[in-house]
2 protein chains.
Amino acid sequence: MTEATDDRSEPSDSPCDVDCYCQLNGLMDLLSRRYAMQLICVVGAIGPARYGEIEDTFESVSSSTLSSRLDDLVDAGYLSREQYAEIPPRVEYDLTDAGEELCRRLQPLLEWAADRDV
Amino acid sequence: MTEATDDRSEPSDSPCDVDCYCQLNGLMDLLSRRYAMQLICVVGAIGPARYGEIEDTFESVSSSTLSSRLDDLVDAGYLSREQYAEIPPRVEYDLTDAGEELCRRLQPLLEWAADRDV
DNA sequence: CTCCGTTACTTCGGACTCGACAGTACAAGT
DNA sequence: ACTTGTACTGTCGAGTCCGAAGTAACGGAG
(Lines give C-alpha, C1' and ligand atoms only; values in the text may rest on other atoms or scores of the structure.)
Protein backbone atom coordinates (compact mmCIF):
# COMPACT_ATOMS: atom_id res chain seq x y z
CA MET A 1 0.00 0.00 0.00
CA THR A 2 2.78 2.33 -0.76
CA GLU A 3 1.65 4.13 -3.85
CA ALA A 4 -1.76 3.35 -5.17
CA THR A 5 -2.10 6.40 -7.29
CA ASP A 6 -2.61 4.17 -10.21
CA ASP A 7 -6.15 3.21 -9.40
CA ARG A 8 -7.45 0.39 -11.47
CA SER A 9 -8.28 2.74 -14.27
CA GLU A 10 -6.07 0.82 -16.63
CA PRO A 11 -3.62 3.24 -18.11
CA SER A 12 -3.04 2.46 -21.72
CA ASP A 13 0.67 2.03 -21.35
CA SER A 14 0.15 -1.10 -19.34
CA PRO A 15 -1.45 -3.39 -21.83
CA CYS A 16 -0.95 -6.41 -19.67
CA ASP A 17 -0.99 -6.28 -15.96
CA VAL A 18 -2.78 -9.38 -14.92
CA ASP A 19 -3.51 -11.17 -18.10
CA CYS A 20 0.08 -11.49 -19.04
CA TYR A 21 1.17 -13.51 -16.08
CA CYS A 22 -1.11 -16.33 -17.00
CA GLN A 23 -0.06 -17.17 -20.49
CA LEU A 24 3.56 -17.68 -19.72
CA ASN A 25 4.06 -20.98 -21.37
CA GLY A 26 7.63 -21.53 -22.27
CA LEU A 27 9.79 -19.60 -19.90
CA MET A 28 7.92 -20.22 -16.70
CA ASP A 29 7.62 -23.90 -17.45
CA LEU A 30 11.33 -23.99 -17.96
CA LEU A 31 12.09 -22.14 -14.77
CA SER A 32 9.74 -24.39 -12.88
CA ARG A 33 11.88 -27.42 -13.49
CA ARG A 34 14.03 -28.43 -10.61
CA TYR A 35 17.24 -26.48 -10.08
CA ALA A 36 16.65 -24.36 -13.18
CA MET A 37 16.67 -21.02 -11.39
CA GLN A 38 19.52 -21.94 -9.10
CA LEU A 39 21.47 -23.15 -12.08
CA ILE A 40 21.22 -19.84 -13.86
CA CYS A 41 22.47 -17.99 -10.81
CA VAL A 42 25.24 -20.45 -10.08
CA VAL A 43 26.59 -20.25 -13.59
CA GLY A 44 26.27 -16.52 -13.38
CA ALA A 45 28.29 -16.53 -10.18
CA ILE A 46 31.19 -18.75 -11.14
CA GLY A 47 31.41 -17.63 -14.74
CA PRO A 48 32.34 -20.18 -17.34
CA ALA A 49 31.66 -23.31 -15.40
CA ARG A 50 32.55 -26.89 -16.07
CA TYR A 51 30.09 -29.69 -15.56
CA GLY A 52 31.89 -31.06 -12.56
CA GLU A 53 32.09 -27.67 -10.88
CA ILE A 54 28.38 -27.23 -11.20
CA GLU A 55 27.71 -30.72 -9.94
CA ASP A 56 29.88 -30.13 -6.89
CA THR A 57 28.15 -26.90 -6.11
CA PHE A 58 24.84 -28.62 -5.64
CA GLU A 59 24.84 -31.13 -2.89
CA SER A 60 22.11 -33.37 -4.07
CA VAL A 61 21.46 -33.53 -7.74
CA SER A 62 21.73 -36.57 -9.90
CA SER A 63 23.85 -36.32 -13.00
CA SER A 64 20.93 -37.21 -15.20
CA THR A 65 18.80 -34.44 -13.82
CA LEU A 66 21.60 -31.91 -14.00
CA SER A 67 22.41 -32.92 -17.51
CA SER A 68 18.88 -32.57 -18.78
CA ARG A 69 18.44 -29.27 -16.98
CA LEU A 70 21.57 -27.94 -18.62
CA ASP A 71 20.31 -29.14 -21.98
CA ASP A 72 17.00 -27.41 -21.38
CA LEU A 73 18.70 -24.13 -20.62
CA VAL A 74 21.05 -24.40 -23.54
CA ASP A 75 18.19 -25.20 -25.89
CA ALA A 76 16.22 -22.27 -24.58
CA GLY A 77 19.16 -19.99 -25.23
CA TYR A 78 20.02 -18.98 -21.70
CA LEU A 79 23.23 -20.93 -21.46
CA SER A 80 25.99 -21.51 -23.95
CA ARG A 81 27.89 -24.75 -24.12
CA GLU A 82 31.41 -24.97 -25.37
CA GLN A 83 33.02 -28.33 -25.82
CA TYR A 84 36.77 -28.71 -26.21
CA ALA A 85 38.33 -31.58 -28.07
CA GLU A 86 40.45 -32.79 -25.21
CA ILE A 87 40.87 -35.89 -23.21
CA PRO A 88 39.58 -36.01 -20.56
CA PRO A 89 36.72 -34.02 -22.00
CA ARG A 90 36.12 -30.44 -21.03
CA VAL A 91 32.88 -28.58 -21.41
CA GLU A 92 32.19 -25.07 -20.27
CA TYR A 93 28.84 -23.50 -19.67
CA ASP A 94 28.26 -19.81 -19.53
CA LEU A 95 25.39 -17.38 -19.57
CA THR A 96 24.24 -15.94 -22.85
CA ASP A 97 22.99 -12.36 -22.97
CA ALA A 98 19.49 -13.52 -22.28
CA GLY A 99 20.82 -15.67 -19.49
CA GLU A 100 22.54 -12.71 -17.89
CA GLU A 101 19.38 -10.69 -17.98
CA LEU A 102 17.50 -13.59 -16.49
CA CYS A 103 20.12 -13.97 -13.78
CA ARG A 104 19.82 -10.31 -12.94
CA ARG A 105 16.09 -10.66 -12.47
CA LEU A 106 16.43 -13.85 -10.51
CA GLN A 107 18.99 -12.43 -8.13
CA PRO A 108 16.66 -10.59 -5.72
CA LEU A 109 14.41 -13.59 -5.48
CA LEU A 110 17.16 -16.06 -4.71
CA GLU A 111 18.87 -13.79 -2.26
CA TRP A 112 15.69 -13.38 -0.33
CA ALA A 113 15.01 -17.09 -0.55
CA ALA A 114 18.44 -17.85 0.80
CA ASP A 115 17.95 -15.60 3.79
CA ARG A 116 14.54 -16.95 4.47
CA ASP A 117 15.15 -20.60 3.93
CA VAL A 118 18.11 -21.07 6.20
CA MET B 1 34.45 -36.31 2.63
CA THR B 2 36.08 -33.09 3.50
CA GLU B 3 33.89 -30.38 4.76
CA ALA B 4 34.09 -26.66 5.10
CA THR B 5 37.60 -26.44 3.89
CA ASP B 6 37.82 -23.25 1.97
CA ASP B 7 40.87 -24.19 -0.01
CA ARG B 8 39.09 -23.27 -3.18
CA SER B 9 41.19 -21.01 -5.30
CA GLU B 10 38.52 -18.40 -5.35
CA PRO B 11 38.76 -14.82 -4.33
CA SER B 12 36.51 -14.20 -1.38
CA ASP B 13 34.90 -11.13 -2.80
CA SER B 14 31.47 -12.66 -2.64
CA PRO B 15 29.96 -13.01 0.79
CA CYS B 16 27.24 -15.49 -0.03
CA ASP B 17 27.64 -16.19 -3.64
CA VAL B 18 27.26 -19.68 -4.84
CA ASP B 19 26.71 -21.86 -1.86
CA CYS B 20 23.52 -20.16 -0.89
CA TYR B 21 21.65 -20.83 -4.05
CA CYS B 22 21.96 -24.54 -3.84
CA GLN B 23 20.44 -25.37 -0.51
CA LEU B 24 17.17 -23.68 -1.20
CA ASN B 25 14.89 -26.48 -0.31
CA GLY B 26 11.58 -25.19 0.77
CA LEU B 27 10.89 -21.98 -1.01
CA MET B 28 12.35 -22.82 -4.38
CA ASP B 29 10.59 -26.14 -4.43
CA LEU B 30 7.38 -24.34 -3.75
CA LEU B 31 7.91 -21.75 -6.43
CA SER B 32 8.87 -24.45 -8.87
CA ARG B 33 5.41 -25.91 -8.76
CA ARG B 34 3.20 -25.04 -11.66
CA TYR B 35 1.55 -21.61 -11.60
CA ALA B 36 2.98 -20.82 -8.18
CA MET B 37 4.84 -17.70 -9.24
CA GLN B 38 2.08 -16.46 -11.49
CA LEU B 39 -0.40 -17.05 -8.71
CA ILE B 40 1.47 -14.84 -6.29
CA CYS B 41 1.56 -12.03 -8.79
CA VAL B 42 -2.02 -12.39 -9.86
CA VAL B 43 -3.29 -12.27 -6.31
CA GLY B 44 -1.03 -9.32 -5.74
CA ALA B 45 -2.54 -7.60 -8.74
CA ILE B 46 -6.23 -8.11 -8.09
CA GLY B 47 -6.06 -7.84 -4.32
CA PRO B 48 -8.38 -10.01 -2.27
CA ALA B 49 -9.35 -12.52 -4.87
CA ARG B 50 -12.04 -15.14 -4.91
CA TYR B 51 -11.36 -18.60 -6.15
CA GLY B 52 -13.43 -18.14 -9.27
CA GLU B 53 -11.73 -14.88 -10.16
CA ILE B 54 -8.35 -16.50 -10.00
CA GLU B 55 -9.55 -19.42 -12.03
CA ASP B 56 -10.91 -17.13 -14.72
CA THR B 57 -7.69 -15.19 -14.90
CA PHE B 58 -5.79 -18.25 -15.94
CA GLU B 59 -6.99 -19.69 -19.15
CA SER B 60 -5.91 -23.22 -18.70
CA VAL B 61 -5.64 -24.49 -15.20
CA SER B 62 -7.59 -27.30 -13.69
CA SER B 63 -9.39 -26.67 -10.44
CA SER B 64 -7.50 -29.43 -8.72
CA THR B 65 -4.17 -27.96 -9.64
CA LEU B 66 -5.24 -24.48 -8.69
CA SER B 67 -6.66 -25.68 -5.44
CA SER B 68 -3.58 -27.54 -4.38
CA ARG B 69 -1.34 -24.70 -5.43
CA LEU B 70 -3.38 -22.29 -3.34
CA ASP B 71 -3.17 -24.67 -0.42
CA ASP B 72 0.57 -24.87 -0.83
CA LEU B 73 0.92 -21.12 -0.77
CA VAL B 74 -1.40 -20.73 2.18
CA ASP B 75 0.45 -23.40 4.13
CA ALA B 76 3.75 -21.75 3.34
CA GLY B 77 2.42 -18.47 4.63
CA TYR B 78 2.44 -16.43 1.46
CA LEU B 79 -1.31 -16.29 1.02
CA SER B 80 -4.11 -15.87 3.48
CA ARG B 81 -7.44 -17.60 3.07
CA GLU B 82 -10.67 -16.24 4.44
CA GLN B 83 -13.81 -18.27 4.21
CA TYR B 84 -17.26 -16.77 4.71
CA ALA B 85 -20.21 -18.80 5.93
CA GLU B 86 -22.46 -18.09 2.98
CA ILE B 87 -24.25 -19.98 0.33
CA PRO B 88 -22.99 -20.13 -2.31
CA PRO B 89 -19.64 -20.28 -0.56
CA ARG B 90 -17.22 -17.41 -0.70
CA VAL B 91 -13.50 -17.62 -0.11
CA GLU B 92 -11.03 -14.83 -0.49
CA TYR B 93 -7.32 -15.12 -0.93
CA ASP B 94 -4.86 -12.34 -0.32
CA LEU B 95 -1.14 -11.86 0.06
CA THR B 96 0.40 -11.95 3.48
CA ASP B 97 3.33 -9.68 4.26
CA ALA B 98 5.75 -12.36 3.13
CA GLY B 99 3.65 -12.82 0.03
CA GLU B 100 3.88 -9.16 -0.81
CA GLU B 101 7.62 -9.18 -0.47
CA LEU B 102 7.75 -12.24 -2.65
CA CYS B 103 5.52 -10.61 -5.21
CA ARG B 104 7.77 -7.60 -5.29
CA ARG B 105 10.77 -9.78 -6.05
CA LEU B 106 8.90 -11.82 -8.60
CA GLN B 107 7.64 -8.80 -10.50
CA PRO B 108 10.75 -8.06 -12.62
CA LEU B 109 11.04 -11.66 -13.61
CA LEU B 110 7.46 -12.06 -14.70
CA GLU B 111 7.38 -8.78 -16.54
CA TRP B 112 10.40 -9.75 -18.52
CA ALA B 113 8.98 -13.21 -19.10
CA ALA B 114 5.76 -11.73 -20.39
CA ASP B 115 7.55 -9.52 -22.88
CA ARG B 116 9.75 -12.30 -24.02
CA ASP B 117 7.24 -15.06 -24.21
CA VAL B 118 4.66 -13.39 -26.37
C1' DC C 1 -41.92 -30.77 -3.62
C1' DT C 2 -38.62 -31.01 -7.32
C1' DC C 3 -35.24 -29.11 -10.26
C1' DC C 4 -31.74 -25.70 -11.27
C1' DG C 5 -27.98 -22.54 -10.56
C1' DT C 6 -23.83 -21.00 -8.15
C1' DT C 7 -19.34 -21.69 -5.83
C1' DA C 8 -15.39 -23.93 -4.10
C1' DC C 9 -13.45 -27.50 -3.92
C1' DT C 10 -12.33 -33.37 -4.31
C1' DT C 11 -11.40 -37.77 -6.57
C1' DC C 12 -9.37 -40.54 -9.99
C1' DG C 13 -6.33 -42.38 -13.33
C1' DG C 14 -2.77 -41.45 -16.45
C1' DA C 15 1.35 -38.80 -17.61
C1' DC C 16 5.41 -36.85 -16.40
C1' DT C 17 9.68 -36.15 -13.61
C1' DC C 18 13.26 -37.17 -10.48
C1' DG C 19 17.12 -39.64 -8.25
C1' DA C 20 20.24 -43.70 -7.60
C1' DC C 21 23.20 -46.42 -9.78
C1' DA C 22 25.81 -48.29 -13.48
C1' DG C 23 28.06 -47.84 -17.79
C1' DT C 24 30.67 -45.40 -21.98
C1' DA C 25 34.64 -43.24 -24.59
C1' DC C 26 39.19 -41.76 -24.67
C1' DA C 27 44.07 -40.94 -23.59
C1' DA C 28 47.79 -40.21 -20.33
C1' DG C 29 50.24 -41.92 -16.39
C1' DT C 30 52.31 -46.12 -13.49
C1' DA D 1 47.61 -53.88 -18.49
C1' DC D 2 45.36 -51.18 -15.36
C1' DT D 3 43.89 -47.17 -13.08
C1' DT D 4 42.45 -42.21 -13.28
C1' DG D 5 39.66 -38.36 -14.79
C1' DT D 6 35.64 -36.05 -17.26
C1' DA D 7 31.14 -35.53 -19.02
C1' DC D 8 27.80 -37.42 -19.75
C1' DT D 9 23.78 -41.43 -21.14
C1' DG D 10 20.58 -45.39 -19.93
C1' DT D 11 17.42 -47.72 -17.13
C1' DC D 12 14.21 -48.43 -13.57
C1' DG D 13 11.18 -47.56 -9.83
C1' DA D 14 9.10 -44.29 -6.94
C1' DG D 15 7.08 -40.11 -6.44
C1' DT D 16 4.62 -36.04 -8.14
C1' DC D 17 1.58 -33.45 -11.04
C1' DC D 18 -2.25 -32.49 -14.02
C1' DG D 19 -6.91 -32.15 -16.07
C1' DA D 20 -11.73 -33.92 -16.58
C1' DA D 21 -15.47 -34.97 -14.12
C1' DG D 22 -17.98 -35.24 -9.88
C1' DT D 23 -19.59 -33.41 -5.00
C1' DA D 24 -21.91 -30.58 -1.28
C1' DA D 25 -24.57 -26.91 0.23
C1' DC D 26 -28.56 -23.85 -0.03
C1' DG D 27 -31.79 -20.37 -2.16
C1' DG D 28 -34.97 -19.58 -5.70
C1' DA D 29 -38.08 -20.86 -9.68
C1' DG D 30 -41.98 -23.49 -11.10
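So you know, we letter chains A, B, ... as the sequences are listed, proteins then strands, and number each from 1. These numbers come from a predicted model, not from an experiment. Reckoned from all heavy atoms, side chains included, excluding hydrogens, waters and symmetry mates.
In terms of the side-chain hydrogen bond (donor to acceptor under 3.5 Å, both in side chains) criterion, residue partners of B/Arg90 (sequence neighbours excluded) are, by chain and number, B/Glu86, B/Glu92. Among residues two or more places apart in sequence or in another chain, the side-chain hydrogen bond (donor to acceptor under 3.5 Å, both in side chains) test is passed with A/Gln83 by A/Arg81. Legend: residues meeting side chain to side chain contact (heavy atoms under 4.5 Å, CB included) with B/Val61, ordered by chain and number and at least two apart, are B/Tyr35, B/Phe58, B/Thr65, B/Leu66. The side-chain hydrogen bond (donor to acceptor under 3.5 Å, both in side chains) search around B/Arg33 returns none, not counting sequence neighbours.
Every pair tested for side-chain hydrogen bond (donor to acceptor under 3.5 Å, both in side chains) that includes a residue from residues 39-55 of chain B fails, sequence neighbours excluded, so the list is empty. Contacts classified as side-chain hydrogen bond (donor to acceptor under 3.5 Å, both in side chains) and involving residues 71-80 of chain A (residues at least two apart or in different chains) are given here: A/Arg69-A/Asp72, A/Tyr78-B/Arg116.
Here CD1 of B/Ile54 is found 13.0 Å from OG of B/Ser63. Values are rounded to the nearest 0.5 Å. Between B/Leu109 atom CG and B/Met37 atom CE the span is 6.0 Å, to the nearest 0.5 Å.
When DNA chain C is scanned in the 5' to 3' direction for atoms under 4.0 Å from non-hydrogen atoms of chain B, the outermost contacting nucleotides are C/dT6 to C/dT11. In summary, contact between chain A and DNA chain D, defined as any nucleotide atom under 4.0 Å from a heavy atom of the protein, begins and ends at D/dG5 to D/dG10 in the 5' to 3' direction.
Nearest-nucleotide positions on DNA chain C place B/Tyr93 closer to the 5' end than the other of A/Ser32 and B/Tyr93. For the pair B/Arg50 and B/Ser64, both in contact range of DNA chain C, the more 5′-proximal nearest nucleotide belongs to B/Arg50.
A/Val43 places a side-chain heavy atom less than 4.5 Å from the side chain of A/Leu79. Between A/Leu31 and A/Leu102, the closest side-chain pair of non-hydrogen atoms falls below 4.5 Å.
Using a 4.0 Å cut-off on heavy atoms, the residues of residues 69-91 of chain B that approach DNA chain C are B/Arg81, B/Pro88, B/Pro89, B/Arg90, B/Val91, listed by number.
Residue contacts shown for B/Ser68 are absent, as no nucleic acid heavy atom lies under 4.0 Å away.
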